[in-house]
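Right, one structure below, let's go through it.
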Amino acid sequence: MPTFAVIGGQWGDEGKGKVVDYLSGWANLVARYSGGNNAGHTVLNEQGEFRLHLVPSGIFWPRVTCVIGNGVVVDPDILLSEMDELQSRGVDVSRLQLSDRAHVIMPYHIALDKLEERDRGASAIGTTERGIGPAYVDKTARTGIRVGDLTDTDALLERLHAVVPQKNAIITKVFSGDAFDVDDLFQQCLVWRERLLPFIAPVEETIRTALASGDNVLLEGAQGTMLDLDHGTYPYVTSSNPTIGGASVGLGISPRSIEGVFGVYKAYTTRVGAGPMPTELLDHVGEAIRRKAWEYGTTTGRPRRCGWFDAVAARYSQVLNGLTEGILTRLDVLDGMSPVKVCVSYNLDGNTVTEMPSRSSDLFRCKPVYEELPGWDIPTAGLTRFEDLPNEAKRYVETLEQAVGCAMGLISTGPKRHETILRSTMIPHGG
Ligand code: IMP
């Protein structure tokens with residue numbers, strides 16, 4: 001029953017795509033459990049460079065079944081175009097399954113996301129405007145359309161007649177937007193139905209069968225712990241639970257079936273969108289990281305906010321997810337930078353804070369307290385053995401391990417699969 005989860009340890013964009021692609025070489029099944037096409041997972045392998053938003057990053061390994069679980073919200077247009085793109089580049093997508101319990105992002109969700117963001121003015125969240133929040137609102141309000149609803153067209157039409165007038169009332173009366181037509185939406189659903197039908201499945205059963213037969217299962221997180229609806233920097237969060245609890249709920253599996261939880265951390269910190277980020281660097285160092293690492297959103301193209309490694313947030317996420325081990329990515333980005341800094345605590349109104357405050361209003365006022373370390377000139381890019389790292393880089397990794405409270409069992413030194421240092425015996429070897 002070897003089931004491992006890969007969780008974002010920071011604010012998303014930690015490099016989970018590369019990690020999941022690497023680990024998928026060991027897996028029989030890879031499952032996405034939360035979020036939607038707000039995620040952007042970049043994978044670079046011998047088949048080329050791919051930017052995935054919904055399809056699990058295990059899709060490049062021919063023996064891997066890839067599933068999109070009930071916890072995901074799905075924009076069918078995006079999913080279909082992603083599948084088309086993969087297929088046109090020679091990647092077989094017939095091994096993909098989509099949960100009939102997953103919720104559909106409808107066009108009015110996208111409209112509402114945009115209208116609500118405009119309305120928030122200066123306190124905008126900086127969402128990806130992909131309709132994620134409004135789709136999860138409908139799920140919780142029990143007014144959502146589920147993927148399975150596409151397969152029962154009579155019930156679907158009835159449901160659209162019940163839901164769409166409510167949505168139109170909000171769109172037109174609160175936000176002065178344009179109303180949606182039920183028949184147009186229904187026709188759109190029929191088109192989606194036609195193409196998605198072969199992929200719609202009771203995914204929870206597929207996973208449970210895989211678990212029962214001892215298959216290797218990888219749970220692919222999207223976004224990151226600090227964007228978790230309950231545990232992140234609320235309200236500057238996404239509308240789902242990227243943390244480990246979300247994996248259980250979002251796939252219909254028992255937490256007891258999860259053997260290991262790997263938290264992915266970038267060697268520094270980035271964040272897209274608004275909200276507190278104590279280690280943000282608004283100077284030339286932040287700009288240097290952004291340029292060197294090309295820190296621009298995979299989904300929206302927005303520049304990511306860059307800063308030093310925030311070990312307070314990282315430790316919080318380690319404890320919250322009960323991490324078995326950490327995975328450190330993009331260490332090579334810090335090559336040639338000196339000194340390098342790690343935020344080990346915050347100063348909040350003159351007091352030392354080592355725990356993550358629950359209120360964003362407090363976190364906005366937190367000033368980082370840094371431990372400064374010497375940088376390294378010898379490049380780490382592409383290295384595959386820990387002993388080959390320059391001593392200063394080793395010390396940096398060890399400092400992070402100490403501060404975060406877990407070993408970094410895998411270190412990524414470049415975007416390609418093989419640019420990886422595997423230190424752990426627990427983390428399965430890809431390929
Ligand atoms: P939403 O998920 O589109 O509602 O956006 C809410 C917040 O989460 C915004 O700050 C987004 O920038 C952020 N966010 C959502 N998905 C990702 C991701 O995959 N990586 C990084 N940030 C994300």
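Atoms within a ligand are numbered from 1 in the order they appear, just like the ligands themselves. If you read the sequence from its start, that first residue is 1, and numbering goes on from there. Source: prediction; values computed, not measured.
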Exercise for review: Give every residue pair that meets the ring pair (Phe, Tyr, Trp, His ring centres under 6.0 Å) criterion with at least one member in residues 217-245, sequence neighbours excluded.
Suggested key: Tyr236-Phe364
**Study point:** Residue pairs fulfilling salt bridge (charged side-chain N to carboxylate O under 4.0 Å, His left out) with at least one residue in residues 51-68, sequence neighbours excluded
**Key:** Glu49-Arg51
Point to revise | Gap separating the CZ atom of Arg304 from the OH atom of Tyr296, nearest 0.5 angstrom | key: 10.5 Å
Exercise for review: Assign the ring pair Tyr108 / Phe180 to parallel, tilted or perpendicular, where the plane angle (0 to 90°) is split at 30° and 60°.
Suggested key: perpendicular
**Study point:** Residue pairs, two or more places apart or on separate chains, that pass salt bridge (charged side-chain N to carboxylate O under 4.0 Å, His left out) and touch residues 312-331
**Key:** Glu295-Arg330
Check your understanding: Are a donor atom and an acceptor atom from the side chains of Thr329 and Lys18 found within less than 3.5 Å of each other?
Key -> no
Exercise for review: Could you name the protein residues that come within less than 4.0 Å of ligand 1, counting only heavy atoms, and order them by chain and residue number?
Suggested key: Trp11, Asp13, Asn38, Ala39, Ile125, Gly126, Thr127, Thr128, Gln223, Leu227, Val237, Thr238, Val272, Gly273, Arg302
